[in-house]
Every structure is written in C-alpha cells, then in structure tokens.
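Encoded as structure tokens, the structure appears first; notes follow it.
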Amino acid sequence: LDDLYQELILDHSKNPRNHSTLDRPSHSAQGHNPLCGDQISVQLKVNEGGVIEEIVFQGSGCAISQASSSLMTVSLKGKSKQEALELFAQFQLMLTGEAPSQTGSMGKLIVFSGVKEFPARVKCATLAWHTLKAAFENGAQKISTE
C-alpha cells in the first residue's frame, strides 16, 4: 500500500493534472513557502451557484507540493466552495495527526496521510489548499506559509 501511495504522489508530481492557466478566472491567489521555495498560483472559475467549474494551478516546488496541488484540483472540480473548504479542513486534520471525521470523503487525498510523520513537509502539502482558501477569501492576495 505504501508503494502504491508513493507511485500516486510521484505520478501527480511528474504529470500534474490541471497544470495551466485560465482566461478570466473568478478567483485567484498566489502562495509561497519560503522555507523550501515552493510557489503556487491557483485559479478558479466558480459559477453563480457557488460550484467550482474549473480549477487549475501553476507553480514549482517539491514533489509533495506539486502532487498535492494536482490532486486538490482533481478532487475539487464540481464541488461547492463550502465542500472545498470542508475537505481542506479534513485534509489538515489528517496531516496534523488527528483523525478526520470522514476519511471516506478524502478519496485519493488519503495518500498524504503519511506526511504527518514529517512535520516539515505539512506546509508543502497544504500550500495549494491555503492558496485556494486565500483565493476564496482575499482575491488575488499572495499568501505565505510563514
């Protein structure tokens, strides 16, 4: 199972999904992790009903940050803003060692459960998610993990 998880993370790191830009996004933000140099830009198109129609990212960084960004975009397309923020909360709980209340809703994101064993990498795994939250809350503001 650990090998499968490592393969999925490496696959999404080397072949990220939704790694592009959008024409006229409704929400966007940039994120930076100064400790390791990860840079992420998240763009979304959210319809009037509050559903994420499109979500993409650009950026560079370690395998964990790139894979997390890729899997985040795959996991959130078609979800509402509220569902996205709830999934982020569950993801954070999982990475901090607390048991998320709905592990079944994590889908493939469960591959990051081992990150809790490496506290310095938690910021790598959550950078895209914090950037997503900033896009919803603050518009085009640049956020930092520090």
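Computed over heavy atoms, backbone and side chain alike; hydrogens, waters and symmetry mates excluded. Position 1 is the first residue of the sequence, and the numbers go up from there.
Between the side chain of Thr131 and the backbone N or O of Leu127, at least one donor-acceptor pair lies under 3.5 Å. No donor-acceptor pair closer than 3.5 Å links the side chain of Ser68 to the backbone N or O of Ile64. Proximity of a side-chain donor or acceptor of Ser75 to a complementary backbone N or O of Leu71 within less than 3.5 Å is detected.
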Show, in sequence, the C-alpha distance, side-chain angles and deciding distance for Cys36 and Cys124, and conclude whether the side-chain contact (heavy atoms from CB on, under 4.5 Å) test is met.
CA-CA 8 Å; Cys36 64; Cys124 301; 3.7 Å; yes
Could you pull out all donor-acceptor pairs under 3.5 Å where a side-chain atom in residues 40-52 meets a protein atom, sequence neighbours excluded?
unit_1 : atom_1 : unit_2 : atom_2 : d
Gln43  : OE1    : Leu22  : N      : 2.7
Lys45  : NZ     : Asp23  : O      : 3.0
Asn47  : OD1    : Gly49  : N      : 2.9
Asn47  : OD1    : Gly50  : N      : 3.0
Asn47  : OD1    : Val51  : N      : 2.9
Asn47  : ND2    : Glu53  : OE2    : 3.3

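The line from CE of Met72 to OG of Ser65 is 11.0 Å long, rounded to the nearest 0.5 Å. Taking CZ from Phe136 and CG from Leu85, the interatomic distance works out to 6.0 Å, rounded to the nearest 0.5 Å. To the nearest 0.5 Å, atom OG of residue Ser13 and atom CD of residue Gln6 are 12.5 Å apart. Atom CG in Leu95 sits 8.5 Å away from atom OG in Ser113 (nearest 0.5 Å). Put simply, CD on Gln58 and CD on Gln30 are 11.0 Å apart, with the number rounded to the nearest 0.5 Å.
With contacts defined as side-chain heavy-atom distances shorter than 4.5 Å, the pair Trp129/Gln92 does not qualify. In this structure, Ile110 and Phe91 have side chains that are not in contact, with every pair of non-hydrogen atoms separated by 4.5 Å or more. Taking the side chain as every heavy atom from C-beta outward, Gln90 and Met94 never approach each other to under 4.5 Å. Counting heavy atoms from C-beta outward, Gln66 and Asp38 have side chains that stay 4.5 Å or more apart. The shortest side-chain heavy-atom distance between Met106 and Leu87 falls under the 4.5 Å cut-off.
Under a hydrophobic clustering in which Ile, Leu, Val, Met, Phe, Trp and Tyr are joined whenever their side-chain heavy atoms come within less than 4.5 Å, directly or via other members, Val122 and Phe112 fall into the same cluster. Residues Val56 and Leu109 do not share a hydrophobic cluster, defined by chaining ILVMFWY side chains whose heavy atoms lie under 4.5 Å apart.
Judged as a side-chain hydrogen bond (donor to acceptor under 3.5 Å, both in side chains), and not counting sequence neighbours, Thr126 has no contacts. Remark: Ser80 pairs with Glu83 by the side-chain hydrogen bond (donor to acceptor under 3.5 Å, both in side chains) rule, at least two apart or across chains. Residues meeting the side-chain hydrogen bond (donor to acceptor under 3.5 Å, both in side chains) test with Lys123, sequence neighbours left out: Glu146. Looking at residues two or more places apart in sequence or on another chain, you find a ring-ring contact (aromatic ring centres under 6.0 Å, His included) between His130 and Phe88. Not counting sequence neighbours, the partners of Gln39 by the side-chain hydrogen bond (donor to acceptor under 3.5 Å, both in side chains) test are His32.
Here ring-ring contact (aromatic ring centres under 6.0 Å, His included) pairs that include residues 54-86, with residues two or more places apart or in two chains, are His19-Phe57. Residue pairs meeting the salt bridge (Lys or Arg N to Asp or Glu O under 4.0 Å) criterion with at least one partner in residues 108-122, sequence neighbours excluded, are absent. Within the structure, the salt bridge (Lys or Arg N to Asp or Glu O under 4.0 Å) test picks out the following pairs touching residues 12-22 (sequence neighbours left out): Asp11-Arg17.
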